[in-house]
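Report on one structure; see the data block that follows.
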Amino acid sequence: MLNRNNDDDIVTISSSDESNELISSDIENSEDVIRVKRLKVEQDSEIKPSQQWIQTYQPNSAKDVCINPQKLKEVRNILDHMINGATDTKLLILSGPAGCSKSTLVKVLANELIQRKSPARFMFGASTYEKGNSYTEYSEQSIEGTGQSNHFSEFLMDSKYRTGSNLSLILIEELPNIYNLSTLLNFRQSLMEWLCTSETLPPLVVCLTEVELQGENKYKDYFSIENSLTVETLFGKDILNRHQVKVVRFKPLASTFMKKTLNNIINRERKIFAPIPKKSVQEYLEGIISTGDIRSAICNLEIWARQYKYTKSTDEMYREVRLDFFHAIGKIIFSSSNFETKDTNEIDCLSVKEVQDHNDNIPLISLSLLENYPIYNDSSYEIRTAVNITDYLSIGDLLTPVDSHGDIVLRSTRHYLRRANCQGKRRHGTLKFPRHFKAMREYRKIESQIKLFMQRTGNFQLSFNDLNLLYGYYAPQIYMKRFGNSFRAKSWRLGGSFKEIYPETGIPIPDEQEDNSSLDDNDSAFRELFEKLSTNNCISTSEVSDDESSLSDPIESEDSDDDVFNDSIDNSRIGKLVAFSRSQTHEAKGTERGSEISIGGKEASDTEEDVFSSDPELNDIISSGRYKI
Amino acid sequence: MSLWVDKYRPKKLDQLSYHNGLTENLKALASTGDFPHLLVYGPPGSGKKTRIYGTLYELYGPQVEKLKIDVNTFTTTSNRKLEFNVLSSAHHLEITPSDMGNNDRVVIQDLLKDVASVEQVDFSNSAKSKSKHRFKVVIINEADSLSKDAQAALRRTMEKYSANIRLILVSNTTSGIIAPIKSRTLLVRVPAPSETDIADILSGIAKKEGLKFKPDTDNAKQELFRNIALHSEKNLRRTLLCFETLSMQSETINIDKNTLSLVSIDWEVIIANLAKSIVANKSVANIAKSRVVLYELLSHCIPARTILKRLLFDLISLNNYNDNITQELTEYAALFDERLSLGQKSIFHLEGFVARAMLILDK
């Protein structure tokens with residue numbers, strides 16, 4: 001008897017002998033026939049399933065899903081409210097590593113909840129409403145004939161009407177092309193529109209498997225979507241901060257739930273497992289369970305069980321356990337908990353090795369160790385320990401070009417923290433992400449502003465440090481006093497006032513637009529100053545520029561010796577500026593000189609921004625790291 | 001609307017007011033029409049650049065004041081675009097190698113080769129023109145921040161193109177400059193002006209700007225000027241900025257000691273507070289807290305070595321110049337100073353020093 005599953009085109013064959021006759025007589029598709037024959041030759045008569053376990057044992061009800069019951073309850077509550085309109089949550093985001101039952105859970109819950117809400121629909125035409133219809137999935141191919149960029153927004157538009165009797169959960173698992181800034185912004189825009197719609201909407205769920213790509217993306221932007229696809233990089237701050245959005249984060253599955261599900265399968269596949277000794281089954285289970293990935297675990301278990309009689313091996317074929325970023329730092333600061341039975345020296349040694357095996361990004365780890373060593377026992381230990389740790393971190397920094405400097409940094413930190421003399425109960429702070437990059441970003445912003453100031457005021461002869469350290473503080477004060485009350489900004493300093501920089505507990509959220517659009521008081525004061533400076537000199541500007549346009553070489557009026565008029569020196573300054581803007585733009589129109597200067601300045605500032613957004617050192621550090629909370 | 005610092009900057013050697021012996025020497029040097037490569041060094045705000053430009057004025061006349069800025073781009077081997085400013089007149093150009101980062105050797109070599117390959121042409125063929133100088137002057141600012149690599153390359157260039165180029169290196173100390181360069185240049189030391197020099201300059205400016213003082217006696221004024229000079233560490237640039245800020249605060253400057261408050265620069269105040277907190281609270285938690293301040297300063301482009309130096313001095317003075325503490329602190333400050341220049345991320349070394357300082361003070 002042949003059983004064709006419409007959805008998946010997977011052929012299931014029952015084990016009776018009659019089936020073969022049926023197949024040969026019934027089916028015209030010759031390929032199928034050949035495949036079945038081969039199967040018959042190769043396999044014993046007892047088992048001939050060709051549906052994989054992953055499909056066979058797909059859970060049909062929420063209680064069968066391999067997941068922490070609390071997570072199940074959480075998601076069920078949210079979805080229930082969304083379906084019944086009891087909340088203004090319009091978008092649910094499920095994120096987590098691969099194979100932690102995210103989408104399975106949503107699908108199962110969608111069936112359960114939507115069936116419960118309108119059971120009539122399912123009773124009435126059970127044949128037309130198959131279980132697949134309680135959710136609608138987005139796929140790139142689902143709408144034909146529209147441009148790629150509109151794909152997603154049109155899908156959402158269509159989905160809006162799947163309410164009422166036609167209710168369906170909208171599931172987005174497959175993302176449109178988000179590796180291009182404009183399509184990414186389109187994607188966000190569509191979601192934003194969805195969130196701002198006031199009508200009742202069907203529940204929208206996005207399942208996101210967070211990935212970090214490594215290697216080739218070294219020179220890409222810091223934490224851009226290209227080297228790490230996370231909830232933050234995909235949705236951006238604007239969407240995540242809205243109250244209609246709920247994010248549920250999944251962790252790799254805990255071993256107890258995995259074990260339960262896998263044992264269940266082993267029970268039901270007793271025939272296959274019968275010849276395998278119990279002990280090696282258990283050993284193998286231990287291994288695959290540690291991945292926390294149920295899908296890969298079931299696949300591996302199936303392959304291993306089927307091949308056992310040929311190979312008899314318990315070799316590990318499962319995917320490697322990942323050690324995420326904060327986990328690795330924790331292992332150094334607090335030592336690994338995997339080796340509790342061994343003596344302390346060995347634990348330290350193994351912890352360091354474990355981190356080194358999984359992380360080759362020592363500069364980032366060093367920064368994180370510096371950021372995090374004080375959280376050990378809430379900083380209540382001797383200063384000497386801190387002195388030793390910082391001393392070795394400092395030496396580690398000197399040795400960065402040497403390959404083995406990771407040894408020095410990791411081992412010394414672990415060593416001294418092990419020996420830290422802690423009084424009282426041990427209480428630790430929370431791990432933080434190093435704020436170095438935040439500071440660097442700030443640094444570049446300020447640097448570019450100072451350089452802009454240098455260009456605008458023509459202080460080219462001054463060194464950068466003089467400008468920052470001395471002029472940066474005094475000059476704005478002097479200018480402000482000179483312009484008196486007409487100056488709106490109260491007090492400011494070149495590059496902005498000093499800001500304290502604190503670390504963040506999570507991975508920083510990158511923001512594509514932030515750097516260009518943020519206008520604080522300082523920027524406006526800065527702008528105002530240039531307005532004042534240019535209006536005060538507007539007459540002399542036009543004079544100079546008239547001279548300029550008639551001559552090919554920039555020439556200044558030479559009246560700088562007698563300081564009768566305050567403006568005389570500014571004349572020469574403006575000459576410099578004009579020369580500067582000309583060397584950048586090469587199109588000079590006498591009347592528009594003022595605006596041209598600002599264009600020249602602007603260009604310079606733009607290039608500055610570019611420099612700052614791609615910092616190779618930082619990207620080096622980032623791209624080889626792994627980030628997960 | 002220029003600041004007094006720029007407004008009262010002397011343009012010619014004749015207008016310089018202090019270090020008269022040095023000025024005479026420079027005049028003599030310029031009058032010969034030719035001069036060797038120079039290495040001008042001295043503390044910040046002592047008038048190095050002013051003297052150099054005065055000398056150039058002596059040599060070439062007012063033409064050197066017609067400055068223009070070019071933004072040169074340079075593509076490095078790793079395909080990164082590098083932009084740096086070149087300030088130039090018909091007779092000289094001026095570069096700051098710190099713009100160029102690690103590529104300073106290649107950039108400077110390229111630039112100098114370009115300059116040297118074009119022979120100086122003098123169009124002004126009047127009798128006055130000193131057609132003798134067929135060389136172009138290249139001023140290199142912050143020469144001590146040049147990498148060793150670049151300095152080694154520079155010494156070859158100096159010999160090779162000495163017919164067409166004269167180099168003037170400007171730096172704060174000679175310690176960062178390799179011996180071969182020191183031996184190929186004429187060393188010109190420009191010491192910081194004395195308090196009296198500064199007081200003279202300030203009273204000259206006060207007269208020109210028509211400032212009013214209360215009490216308007218010469219003694220009181222002299223005292224005020226000296227105070228400002230000391231407060232600004234005899235850095236003339238800083239003194240003038242400070243003086244102008246002070247004069248802006250009120251119509252008449254009140255010299256009364258009790259009410260007079262000289263403005264301290266914000267970043268110095270922050271470092272002073274950091275030093276106070278180090279002395280007051282010596283614990284691991286406070287090390288972590290001081291990291292906030294260190295990042296605050298670093299992110300505001302304050303050079304790490306300036307922070308270290310300032311912090312050391314503040315710590316020493318807070319401990320009343322105790323010999324043992326001073327010695328030990330200085331020893332470690334020197335160690336971390338070296339590490340700052342060898343290492344890559346300054347925060348490690350600054351925090352290392354803070355931790356070490358706490359340990360020393362804890363004894």
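By convention in this document, chain letters (A, B, ...) are assigned in the order of the sequence lines, proteins followed by strands, and residues within each chain are numbered from 1. The model shown is predicted, which means the values in this text are computed figures rather than measured ones.
Using a 4.0 Å cut-off between a side-chain N of Lys or Arg and a carboxylate O of Asp or Glu, B:K68 and B:D70 qualify as a salt bridge. By the 4.0 Å N-to-carboxylate-O rule, B:R238 lies close enough to B:E268 to be salt-bridged with it. Of the charged side-chain nitrogens involved, none lies within less than 4.0 Å of a carboxylate oxygen, so that A:D466 and B:K49 do not count as a salt-bridged pair. Salt bridge present: B:E351 and B:R291 bring a charged side-chain N and a carboxylate O closer than 4.0 Å. Salt bridge annotation for B:K48-B:E142: absent, with no cationic side-chain nitrogen under 4.0 angstrom from a carboxylate oxygen.
The most heavy-atom pairs under 4.5 Å with chain A, out of B:W4, B:Y53, B:W267, B:F336, come from B:W267. With chain A as partner, the option from B:A288, B:A285, B:C301 having the largest number of non-hydrogen pairs under 4.5 angstrom is B:C301. In terms of heavy-atom pairs under 4.5 angstrom with chain A, the leader among B:M358, B:R356, B:E244 is B:E244. In terms of heavy-atom pairs under 4.5 Å with chain B, the best-connected choice from A:T385, A:I389, A:L399, A:L393 is A:L393. Of all the listed residues (B:I287, B:L342, B:I265, B:N235), the one sharing the greatest number of non-hydrogen pairs under 4.5 Å with chain A is B:I265. Per-residue heavy-atom pair counts under 4.5 Å with chain A were compared for B:V293, B:D362, B:L350, B:I270, and the maximum is reached by B:I270. Here A:L470 is the residue among A:N388, A:I375, A:L470 with the most heavy-atom pairs under 4.5 Å with chain B. The residue among A:N468, A:I395, A:D378, A:L469 with the most heavy atom pairs within less than 4.5 Å of chain B is A:L469. Ranked by non-hydrogen atom pairs under 4.5 Å with chain A, the options B:K282, B:K208, B:H349 are led by B:H349.
Within the 4.5 angstrom heavy-atom criterion, only backbone atoms of B:S283 (N, CA, C, O) approach chain A. Proximity to chain B (any heavy atom under 4.5 Å) is restricted, for A:N465, to the side chain, taken from C-beta onward. Only the side chain of A:Y373 comes within less than 4.5 Å of a heavy atom in chain B; its backbone stays farther off. Of the atoms belonging to B:F353, not a single heavy atom falls under 4.5 Å from chain A.
Just one residue in the list A:R435, A:K432, A:K438 forms a salt bridge (Lys or Arg N to Asp or Glu O under 4.0 Å) with A:E371, and that residue is A:R435.
A:H405 and A:T400 form no side-chain donor-acceptor contact under 3.5 Å, judged by distance and modelled atom types alone.
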field: side-chain contact (heavy atoms from CB on, under 4.5 Å) evaluation trace for B:V284 with A:Y381
entry: CA-CA 7 Å; B:V284 179; A:Y381 53 90; 3.8 Å; yes
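Considering NZ of B:K12 and CG of B:L56, their distance stands at 14.5 Å, rounded to 0.5 Å.
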